[in-house]
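This report refers to the structure that appears directly beneath it.
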Amino acid sequence: MASLQLTEFVRRPGVGKTGKAVNIRSNFFEVTKLPTAIIHHYDVSISNDLPPPVNRRIFEQLTESYRASDLGGAQPVFDGRKNIFSAKEFPFQSRTFDVTLSSDMVPRANQLIPIFKVKIKKVATINLEELQRFLNGKAALSNNCLAAIMSLDILICHQPAMLYATVGRSFYTPDGSQPLSGHLEAWQGFYQSARPTAGKMMINVDVTATAFFQGIPLVEMVVKIMGLRSQDDLRRTAPPLNWAKVERAIKQLRITVTHREMMSRSYKIAGLTQKSAREETFKILTQCGDPEASPKEEEIDVVTYFKQAYNRILSYPMLPCVRAGKVILPIEVCKVVPGQRYPKKLDEAQTADMINFSSKSPTARANTIKNGLQILNFEKNEYLKEAGMKISNEMVVVPARVLPAPTVCYHPSSQEASFVPKNGAWNLRDKKVTQGGTLGSWGVLVFGTERDCSSVVLQSFIRELVITCQHTGMNVVNKSPPINYTNLHGDTEAALRKIWLEAGNMVKSMPQLIVCFLPNTGTSLYAEIKRITDTVIGVSSQCMQMKHIRAAKKQYCANVCLKMNVKIGGANVQLAPGMLNFVTAKPTIIVGLDVSHPPPSDHSHPSIAAGVASLDNRAGRYAATVRVQTARTETVADLGDMTVELLKVFYQTCGQKPEHILVYRDGVSEGQFSNVLKTEVASIRVGCHHLEKDYNPKITFVVVQKRHHARFFPISPQSADRSGNCQPGTCVDTTIVHPFEFDFYVQSHAGLLGTSRPTHYQVLQDDNKFTSDELQSLTYNLCHLYARATRTVSVVPAVYYAHLVAARARFHAKGEHWLDTQSTETGSGRVIDRTLYAAVKPDLLKVMWFM
């Protein structure tokens with residue numbers, strides 16, 4: 001038994017002891033009784049490729065029709081796609097059923113009743129004893145265990161999925177929904193998932209929210225999409241209405257019609273007609289006066305047809321019609337079917353509305369979860385009863401520890417140069433950065449005219465900025481940089497090259513920074529400035545909005561100074577000796593990795609892999625490298641070469657080869673752990689061997705996860721911060737974590753808005769043999785070193801920086817048409833050539849250009 005390998009990853013080396021012990025609650029609910037009987041697993045295939053909601057309706061009809069007879073009285077559960085689980089065995093191994101949906105019972109003219117063929121076949125029997133042995137740390141995670149966990153997941157999700165709009169493991173209800181900007185609305189929902197923990201299964205229940213299309217008349221939705229004041233504005237001829245925008249927004253939406261009361265059928269929108277309802281024609285068969293004569297084919301327009309067939313005069317004959325397969329429908333007779341999720345990225349206004357809707361204090365969130373349990377109603381769930389499964393209605397109490405905050409240090413000439421932060425935040429007052437950069441050559445470019453931003457006001461702001469930079473420890477040699485104004489819609493590259501040349505000629509040295517003032521927060525101009533400065537000229541840039549010039553606030557200038565300093569090679573903050581022992585004892589490089597994918601609805605853009613690495617033993621300055629790779633490739637494809645690049649910069653900076661490599665990898669789901677471990681750790685080793693044949697540094701590879709649903713709730717006010725969240729440094733490595741693998745949660749940041757989300761860390765490889773206390777404390781301490789904030793951050797800065805680099809690299813493709821929603825125009829369906837993405841200039845490799 002001792003030789004049994006329970007996992008390919010790292011086993012927990014023991015629980016941590018460092019920190020102040022405190023009990024908290026977490027949104028996990030204990031499975032007090034697992035199903036005792038064997039669970040039977042069946043594969044199901046339904047004729048036609050149908051979406052899960054339709055499959056569920058077919059399954060519901062099947063069980064209603066055949067439960068008592070062919071299914072032997074069983075209460076099976078279904079995942080909406082391929083899997084059925086049942087506590088009772090069906091009296092057959094394989095059978096095909098014919099199912100007709102009740103809403104399709106009344107045939108439409110000239111159309112056959114649709115009959116769905118449903119084939120059910122026995123796949124396996126699942127014994128839950130093996131799952132219990134895994135939970136007790138006595139067996140590895142086998143396929144049988146995975147199937148058992150999946151069966152429990154579907155068992156708890158089945159009933160809500162049959163009753164409510166479902167997305168993945170979450171179900172949503174329109175109760176308490178709120179409109180978002182435009183044609184959308186926010187629905188609240190509940191997430192639930194079966195999670196294996198030490199000795200027992202838990203159900204993770206959380207509140208969630210997502211955007212749905214409003215279930216309103218389509219003509220109302222068109223008005224909202226176009227941003228018009230009322231439906232009367234649809235009659236206008238100038239300026240022309242943007243029907244292409246409407247078509248993109250409503251394509252694939254399901255609608256019903258209002259002119260045929262008895263008809264329950266829905267249609268899927270394929271697009272809009274090119275012509276208006278009065279111009280769009282089609283052919284119909286009409287009967288002449290003689291009943292013996294054959295029907296005659298006539299061409300008729302939509303307006304006339306609706307008057308003749310339904311005695312309905314269209315109010316908007318000038319609008320295009322909806323195309324739904326071969327059917328053409330006037331917009332005004334269509335109504336959007338409620339409960340359709342919006343799959344695209346929200347714009348800025350919608351995102352702000354969604355944050356307001358979903359942001360809840362810890363107490364409010366905990367109460368909402370309790371209300372969700374009443375909807376879930378585990379005690380009366382007939383499917384759980386049949387399986388013999390029981391779930392507690394009380395949130396689990398978790399033993400946690402509040403890790404001690406490290407000593408943060410600024411330049412020795414600062415007032416209170418070193419201190420221990422309280423409540424995860426501090427301020428810059430009377431403090432100087434640890435390593436102030438020298439700003440000798442720089443220029444200022446204003447995108448606008450002197451009317452937009454007068455030179456007197458601008459120079460006053462620059463004076464304040466220079467003074468603040470010097471107070472914070474930077475050395476600004478040239479206090480009067482050249483200033484140019486340029487046309488907002490002119491040649492951006494020419495304007496940036498011009499100010500770059502003027503800045504260099506003024507002091508006869510290579511420019512370090514271009515400061516740009518922008519008239520708004522739009523993405524398009526910002527993206528173009530960053531593309532040109534990062535990949536064409538090779539100089540750091542700092543963008544600011546003009547509105548900040550008019551009132552030169554010291555706090556704003558100080559925040560900008562923090563960014564400017566690291567962009568010219570400085571360092572802002574460090575920790576006292578002894579706070580990063582692992583990093584300082586031997587040459588150590590901290591690496592952050594992230595792969596950023598385009599949104600699900602975007603089939604044009606590639607994925608972007610970003611890597612950053614620390615440059616010295618203070619872990620305050622980082623170099624970055626980036627690669628463009630095939631869309632939705634989960635692993636970092638070119639990690640070997642990226643490793644070579646980052647190791648070279650480390651060696652050039654501090655003259656040493658790292659003996660330890662500590663990798664924090666973002667953006668990996670549990671199902672990808674094994675693949676990422678096999679490919680990416682091997683790629684890092686290949687990179688090391690490329691530099692030197694026998695170079696084998698010790699690698700620790702940690703996956704960082706933020707997209708989970710674990711939340712912490714303080715039990716007593718004494719263990720909470722001012723926002724009602726758990727205190728910064730709250731660490732959990734028992735009760736709700738993996739039964740035996742090395743993982744833990746750290747909530748490193750102080751709460752600001754809503755309920756804080758702890759970060760989950762899972763160790764996949766550990767050549768450095770960390771103890772739990774060592775890795776947890778190191779991780780928390782690093783969270784105090786984020787260069788552009790004076791507070792702890794929620795995730796290690798290396799991962800934060802990698803995320804910033806990946807986001808910035810999206811701007812590096814030439815010829816993009818950026819919208820102000822931080823996404824490009826993809827309606828054309830064109831695939832963006834990866835070669836259009838330019839590389840960052842080598843001159844920027846040793847500075848934090850991405851900040």
Side-chain angles (χ1 to χ4, degrees), residues 9-10 589-600 605-614 619 622-639 642-643 645-646 661-681 683-684 699-710 738 741-749 756-766 775-776 778-789 792-810 822 848 850-851:
F9 309 130
V10 182
I589 189 169
I590 297 170
V591 176
L593 297 175
D594 186 23
V595 179
S596 165
H597 302 296
H605 292 84
S607 290
I608 292 177
V612 302
S614 58
Y622 284 75
T625 182
V626 66
R627 297 290 188 278
V628 178
Q629 58 188 45
T630 306
R632 296 180 177 81
T633 305
E634 298 296 349
T635 55
V636 182
D638 200 19
L639 185 54
M642 292 168 76
T643 301
E645 207 173 300
L646 294 171
I661 298 178
L662 173 55
V663 181
Y664 287 101
R665 169 70 155 93
D666 192 18
V668 181
S669 64
E670 289 174 22
Q672 298 158 4
F673 281 1
S674 183
N675 187 32
V676 164
L677 175 65
K678 288 185 177 77
T679 58
E680 294 190 1
V681 174
S683 295
I684 292 169
I699 299 170
T700 295
F701 195 98
V702 184
V703 166
V704 180
Q705 292 178 306
K706 287 285 287 179
R707 292 184 179 178
H708 59 76
H709 287 270
H738 192 278
E741 289 174 3
F742 191 1
D743 72 324
F744 55 92
Y745 293 92
V746 178
Q747 186 189 301
S748 50
H749 60 301
S756 297
R757 187 198 311 248
T759 298
H760 182 243
Y761 297 90
Q762 169 108 25
V763 185
L764 302 191
Q765 168 112 358
D766 185 23
L775 187 57
Q776 289 163 9
L778 173 61
T779 298
Y780 176 51
N781 290 353
L782 286 170
C783 291
H784 292 73
L785 292 175
Y786 184 58
R788 65 184 195 190
T792 53
V793 287
S794 62
V795 66
V796 282
V799 161
Y800 218 134
Y801 297 149
H803 182 73
L804 291 178
V805 172
R808 172 72 70 82
R810 293 245 166 245
Q822 294 265 331
M848 296 172 72
F850 47 87
M851 296 295 282

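FYI, the numbering just counts along the sequence from 1.
With contacts defined as side-chain heavy-atom distances shorter than 4.5 Å, the pair Y622/I590 qualifies. Taking 4.5 Å as the limit, some side-chain heavy atom of L782 sits within range of a side-chain heavy atom of P797. With a 4.5 Å cut-off on side-chain heavy atoms, L646 and V612 do not count as touching. Taking 4.5 Å as the limit, every side-chain heavy atom of E634 sits out of range of all side-chain heavy atoms of N675. For the pair Y761 and T779, the minimum side-chain heavy-atom distance is below 4.5 Å. At least one side-chain heavy atom of V763 sits under 4.5 Å from a side-chain heavy atom of D766. You'll find the side chain of V676 reaches within 4.5 Å of the side chain of R665, heavy atoms only.
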(request) List the steps, then state whether ring pair (Phe, Tyr, Trp, His ring centres under 6.0 Å) holds for Y745 with H708. (result) CA-CA 11 Å; Y745 293 92; H708 59 76; 5.4 Å; yes
(request) Apply side chain to side chain contact (heavy atoms under 4.5 Å, CB included) to F673 and V668, showing your working. (result) CA-CA 7 Å; F673 281 1; V668 181; 3.6 Å; yes
(request) Tell me, with the steps shown, if V595 and I608 meet side chain to side chain contact (heavy atoms under 4.5 Å, CB included). (result) CA-CA 6 Å; V595 179; I608 292 177; over 6 Å; no
(request) Verify ring pair (Phe, Tyr, Trp, His ring centres under 6.0 Å) between F742 and H738, making sure each step is shown before the conclusion. (result) CA-CA 8 Å; F742 191 1; H738 192 278; over 10 Å; no
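Taking NZ from K678 and CD from Q765, the interatomic distance works out to 12.0 Å, rounded to the nearest 0.5 Å. Summarising the geometry, atom CG belonging to N781 is positioned 11.5 Å from atom CD belonging to Q776; distances are rounded to the nearest 0.5 Å. From C783, atom SG reaches atom NE2 of H749 across 9.5 Å, with rounding to the nearest 0.5 Å. Atom CD1 of I699 sits about 11.0 Å away from atom CD1 of I589, to the nearest 0.5 Å. From L593, atom CG reaches atom OG1 of T643 across 7.5 Å, with rounding to the nearest 0.5 Å. We find the OG-CD distance between S794 and Q747 to be 9.5 Å, quoted to the nearest 0.5 Å.
When each of I684, V591, V663, V681 is checked for a side-chain contact (heavy atoms from CB on, under 4.5 Å) with L639, only I684 meets the rule.
A donor-acceptor contact shorter than 3.5 Å is absent between the side chain of T625 and the backbone of M642. Formation of a donor-acceptor pair under 3.5 Å by the E680 side chain with backbone atoms of L677 is not found in this model. Not one N or O on the side chain of R707 forms a donor-acceptor pair closer than 3.5 Å with the backbone of S669. Looking at T700, its side chain never comes within 3.5 Å of a backbone N or O of L662 through a donor-acceptor pair. The closest donor-acceptor contact from the side chain of R757 to the backbone of H709 lies at 3.5 Å or more, if one exists at all. In this structure a side-chain-to-backbone donor-acceptor pair under 3.5 Å is present from T792 to S748. In this structure a side-chain-to-backbone donor-acceptor pair under 3.5 Å is present from Q629 to T633. Side chain of Q705 to main chain of T759: no donor-acceptor pair is present (N/O by atom type, distance under 3.5 Å, no hydrogens or angles).
For Y664, the ring pair (Phe, Tyr, Trp, His ring centres under 6.0 Å) criterion is met by no residue, not counting sequence neighbours.
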Result block: side-chain N/O donor-acceptor pairs under 3.5 angstrom for residues 799-807, not counting sequence neighbours:
unit_1, atom_1, unit_2, atom_2, d
Y801, OH, A787, N, 2.9
H803, ND1, D594, OD2, 3.3

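Defined by atom type and a distance below 3.5 Å, a donor-acceptor pair is present between the side-chain atoms of E741 and Q762.
Across every non-hydrogen atom of P606 and P598, the tightest pair is O-CD, 3.5 Å.
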